[in-house]
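Structure first, commentary second.
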Amino acid sequence: MPQQPASSPEHGYCQVEHQANIIRISVAEGINKELILRYQQEIARELTALGGGHWGVHLVINGDVLMTPEATERLILETSRHVALGRCGTAIELVNGRATSLIQRFWGQLYQQAGIPYCFVSNRQEAEVWLKQQIAAADSRRTGCSPE
């Protein structure tokens, strides 16, 4: 009987944390499918802690981070599922990158395919302001009131 290939070791760096209704995800290095599987588990824990309201993601990309095709496909599917779970935007901050236009195109297409509004920001404060606007707009659509 042929032996099943062992799964590849996780490659890349991913840290997930949240404050209020913003989840901050920091990534570095090349990302493979195994790292995305761990990310899915971590994001599920954070969503439980958020309690079901609208939320946004501040993605901090350190370096020229790309993903394997399998990881990209899995992340698009996972991210598109987040729309129904209250995700209303992703603010992407690029840090220490050299191929900025390539990285913007890669991550922009990923979020576009997932159906998540996104924007590129310069820092944490800009990310929080944009995400809070997205969350307020989503909350107002749910209640039928205009945001202040």
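- The OG1 atom of T90 sits 10.0 Å away from the CD1 atom of I23 when rounded to the nearest 0.5 Å.
- Side-chain contact check for I22 versus Q19: every heavy-atom pair is 4.5 Å or farther apart.
- Between V57 and the choices I92, T79, V16, I25, the side-chain contact (heavy atoms from CB on, under 4.5 Å) rule is met once, by I25.
- Looking at every heavy atom in both residues, L75 comes nearest to M67 through CD2-CE, 3.5 Å.
- Here SG of C119 is found 4.5 Å from CH2 of W130. Values are rounded to the nearest 0.5 Å.
- Put simply, CG on N123 and CD on E93 are 6.0 Å apart, with the number rounded to the nearest 0.5 Å.
- H11 approaches N32 most closely through the heavy-atom pair N-OD1, 3.0 Å.
- Residue pairs that meet the side chain to side chain donor-acceptor pair (under 3.5 Å) test with at least one member in residues 65-74, sequence neighbours left out, do not exist here.
- Shown here for L131 and G89, the closest heavy-atom pair between the two residues is CD2-O, 3.5 Å.
- The ring-ring contact (aromatic ring centres under 6.0 Å, His included) test applied to H82 returns W55, not counting sequence neighbours.
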- request: Dump the intermediate steps for side-chain contact (heavy atoms from CB on, under 4.5 Å) on R87 and I116, then the final yes or no.
  value: CA-CA 8 Å; R87 184 170 177 174; I116 297 281; 3.9 Å; yes
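- Atom CD1 of I61 and atom CG of L94 lie 5.5 Å apart (nearest 0.5 Å).
- Checking side-chain atoms of W107 against main-chain N and O of F120 turns up no donor-acceptor pair under 3.5 Å.
- The CD atom of E17 sits 10.0 Å away from the NE2 atom of H58 when rounded to the nearest 0.5 Å.
- Among residues two or more places apart in sequence or in another chain, the side chain to side chain contact (heavy atoms under 4.5 Å, CB included) test is passed with A99 by D64, L102.
- When every heavy atom of P117 is checked against every heavy atom of Q134, the shortest pair comes out as CB-OE1, 4.1 Å.
- Annotation: side chain of L50 is in contact with side chain of H18 (closest heavy-atom distance under 4.5 Å).
- Applying the side chain to side chain donor-acceptor pair (under 3.5 Å) rule to pairs touching residues 111-122 yields nothing, sequence neighbours excluded.
- The shortest non-hydrogen separation linking G115 to V83 is O-CG2, 3.9 Å.
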task: Please report the C-alpha distance between Y39 and I31 in whole Å, then the side-chain angles of each, then the deciding distance to 0.1 Å, and finally whether the side-chain contact (heavy atoms from CB on, under 4.5 Å) criterion is met.
output: CA-CA 11 Å; Y39 159 78; I31 297 173; over 6 Å; no
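- For Q15, the side-chain hydrogen bond (donor to acceptor under 3.5 Å, both in side chains) partners are Y13, not counting sequence neighbours.
- Partners of E128 by side-chain hydrogen bond (donor to acceptor under 3.5 Å, both in side chains), not counting sequence neighbours, listed by chain and number: R24, R124.
- To the nearest 0.5 Å, atoms CG (N62) and CD (E29) are separated by 9.5 Å.
- Both I103 and I36 belong to a common hydrophobic cluster when Ile, Leu, Val, Met, Phe, Trp and Tyr are linked at side-chain heavy-atom distances under 4.5 angstrom.
- Between G12 and L35, the shortest heavy-atom contact is C-CD2, 3.8 Å.
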- request: Starting from the C-alpha separation in whole Å, work towards a yes-or-no answer on side-chain contact (heavy atoms from CB on, under 4.5 Å) for V27 and L59.
  value: CA-CA 8 Å; V27 297; L59 176 64; 4.1 Å; yes
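- Note on L85: it clusters hydrophobically with I43, by side-chain heavy-atom contacts below 4.5 Å among ILVMFWY residues.
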